[in-house]
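In what follows, a single structure is set out as structure tokens and then discussed.
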2 protein chains.
Amino acid sequence: MTSPVVAGALTRAAYFVSDSTGVTAETLGSALLANFPGIRFIKHTIPFVVTDAEARSVVAAIEADHAADLDPLLFVTVKQAAVRGVLAASKAVLIDLLAGHLTELEQALGTTASEQLGNYHGLGDTDRYFARMRAVEYAIEHDDGQSSRALDQADVVIIAPSRCGKTPTTMYLALQHGLRVANYPLTDDDFPTEGLPRSVAKYAGRCFGLTTTPLRLSQVRHERRPSSRYSSLEQCTIELRRAEDLYRRNRVPFLNSATKSVEEMSAVIMQTMKLRA
Amino acid sequence: MTSPVVAGALTRAAYFVSDSTGVTAETLGSALLANFPGIRFIKHTIPFVVTDAEARSVVAAIEADHAADLDPLLFVTVKQAAVRGVLAASKAVLIDLLAGHLTELEQALGTTASEQLGNYHGLGDTDRYFARMRAVEYAIEHDDGQSSRALDQADVVIIAPSRCGKTPTTMYLALQHGLRVANYPLTDDDFPTEGLPRSVAKYAGRCFGLTTTPLRLSQVRHERRPSSRYSSLEQCTIELRRAEDLYRRNRVPFLNSATKSVEEMSAVIMQTMKLRA
């Protein structure tokens with residue numbers, strides 16, 4: 001996907017090349033590039049580059065971008081020295097996210113690396129696989145208060161008004177960390193009472209609340225039901241105020257999701273609920 | 001969680017310290033450590049270390065592990081030089097996963113970093129947030145063939161016999177990449193016919209199949225229904241053979257999930273279906 005160069009804007013190609021999924025190269029590389037907001041980057045993630053031939057096809061793509069004045073950057077997480085060598089011969093600036101640190105580690109540990117890199121997740125990691133599968137199925141069953149069958153087994157119960165981010169956060173905690181997370185929507189029915197909704201009250205100690213800003217909530221709800229009472233700024237303001245009162249009255253820890261990513265919310269929840277292994 | 005040192009086995013503490021969620025530090029650090037299978041690592045992930053005080057409490061934990069002969073390693077993704085300075089003064093071997101690369105980038109780009117690191121996901125990234133939320137909700141609605149309401153909007157339809165890994169892979173693609181993924185279970189009813197199940201046949205071009213090994217499938221199914229026909233090696237063998245025949249007859253690309261992580265399966269699916277942006 002080479003896009004045309006935008007006149008005026010400085011544009012560079014950025015390749016994230018991995019012998020595994022490329023997620024780490026893409027995440028760390030993008031985090032690094034986020035420090036250069038003045039430059040536009042056309043990003044390409046290329047996973048499973050394990051042979052010289054695969055590396056050469058990456059090099060070919062880089063040459064094309066180079067010819068198009070996109071001065072490619074090349075972020076690499078590849079363990080095979082031979083493959084890295086092919087990539088290093090390209091016209092790109094190479095940022096090796098692994099090799100250097102591996103050398104530091106060999107010195108620190110006084111032993112040589114086994115080149116098993118990439119096996120960290122994947123092959124044979126059956127326990128983690130089971131845990132994640134169970135956790136995701138648990139999350140689906142207990143999403144949006146649909147079931148309370150195994151609520152007693154929840155590591156966390158996320159409570160919040162509709163559209164504050166319960167579901168994506170729940171799924172992330174299940175997938176990334178194998179945690180059993182239920183979530184329960186707070187509706188107008190839940191507010192007359194002082195306490196937590198009956199079905200989650202038993203698990204008050206495991207409840208975590210989400211809130212957001214009325215403007216943001218209204219914006220998100222418009223996505224679903226444009227210009228409805230549900231998405232009106234007035235209704236959103238009332239629901240959020242009531243939810244936050246409920247959290248405080250019942251000593252339920254909570255966070256504001258308005259400016260946080262799913263990853264950040266999940267990390268805060270794990271830290272607050274002491275779920276970090 | 002400091003565990004007792006196992007007699008004989010070489011054990012080291014490993015800290016993953018970040019000014020953000022710590023996911024990148026933990027993933028890359030663990031991938032690096034996976035190269036040293038002879039050493040046991042007691043891992044600690046500490047997110048949101050942004051103040052000197054927070055850094056000093058990390059240093060205190062490190063000193064304790066050092067006193068316990070756990071010779072700590074410290075993997076750091078922290079942008080603030082001051083905070084990194086506090087951590088660097090600890091008794092741990094410091095592996096800085098960012099600072100060095102940032103310097104390389106500043107040279108390559110001929111400009112200085114803005115220190116906005118961490119803003120890559122999170123603050124203001126509203127579009128990505130909406131995309132993920134929609135994708136996760138889509139995945140839940142269209143999980144396990146429960147709905148075909150918006151099947152026409154699917155980026156991928158994952159088909160497989162029960163317990164081959166459809167659901168976690170679906171959720172990962174939705175959460176990590178914001179893709180609309182439906183999944184559909186292949187049951188004995190689907191096999192008499194030559195073609196794909198009626199409800200997904202229209203979308204044959206978007207179907208991707210999963211298979212696994214009979215032994216693995218039987219093992220996974222035992223988790224759910226011990227010693228049932230459903231989990232018997234014989235039944236698993238038949239279902240997988242029929243599923244693979246179905247994939248081949250209908251030119252549905254497929255992969256074997258037995259030795260792959262959710263991340264790896266997702267990357268293969270995106271690559272095969274050309275969904276990598």
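Just so it is clear, the values below take in all heavy atoms, side chains as well, and ignore hydrogens, waters and symmetry mates.
A distance of 5.0 Å separates CZ in B/Phe36 from CG in A/Leu102, rounded to the nearest 0.5 Å. With rounding to the nearest 0.5 Å, the separation of CE in B/Met133 from CE in A/Met171 is 14.0 Å. Put simply, OH on B/Tyr172 and CZ on A/Arg132 are 7.5 Å apart, with the number rounded to the nearest 0.5 Å. Between A/Glu263 atom CD and B/Thr24 atom OG1 the span is 9.0 Å, to the nearest 0.5 Å.
For A/Ile39, the part lying near chain B is the side chain, with the backbone staying farther off; criterion is any non-hydrogen pair under 4.5 Å. Using a 4.5 Å cut-off between heavy atoms, A/Glu106 touches chain B through backbone and side chain atoms alike. For a residue to count as touching a neighbouring chain, one of its non-hydrogen atoms must lie under 4.5 Å from one of that chain's; by this rule A/Thr169 does not touch chain B. Interface remark: B/Leu105 contributes backbone and side-chain atoms alike to the contact with chain A (heavy atom separation under 4.5 Å). Only the side chain of A/Phe48 has a heavy atom closer than 4.5 Å to any heavy atom of chain B. Of the atoms belonging to B/Ser266, not a single heavy atom falls under 4.5 Å from chain A.
Partners of A/Asp143 according to the salt bridge (charged side-chain N to carboxylate O under 4.0 Å, His left out) rule, which considers only residues two or more places apart in sequence or in another chain, do not exist here.
Between chain B and the options A/Met265, A/Gln107, A/Arg134, the largest number of non-hydrogen pairs under 4.5 Å is found for A/Arg134. Each of B/Gln219, B/Glu104, B/Glu223 has some count of heavy-atom pairs under 4.5 Å with chain A, and the biggest count is that of B/Glu223. The most heavy-atom pairs under 4.5 Å with chain A, out of B/Val23, B/Val136, B/Ile140, B/Ile95, come from B/Ile95. Heavy-atom pairs under 4.5 Å with chain A peak, among B/Thr111, B/Asp144, B/Thr167, at B/Thr111. Per-residue heavy-atom pair counts under 4.5 Å with chain B were compared for A/Val93, A/Val220, A/Ile46, and the maximum is reached by A/Val220.
Listed here is the closest heavy atom pair of A/Pro47 and B/Gln271: O-NE2, 3.6 Å. Smallest separation of non-hydrogen atoms from A/Glu264 and B/Ser20: OE2-OG, 4.3 Å.
Using a 4.5 Å heavy-atom cutoff, the side chains of A/Leu97 and B/Leu97 are not in contact. Residues A/Thr45 and B/Met270 fail the side-chain proximity criterion, which asks for heavy atoms closer than 4.5 Å. You'll find the side chain of A/Thr27 stays beyond 4.5 Å of the side chain of B/Thr27, heavy atoms only. The shortest distance between side-chain heavy atoms of B/Leu73 and A/Leu109 falls below 4.5 Å. Between A/Gln176 and B/Leu175 there is no side-chain heavy-atom pair separated by less than 4.5 Å.
One N or O on the side chain of B/Ser114 and one on the backbone of A/Asn35 form a donor-acceptor pair closer than 3.5 Å.
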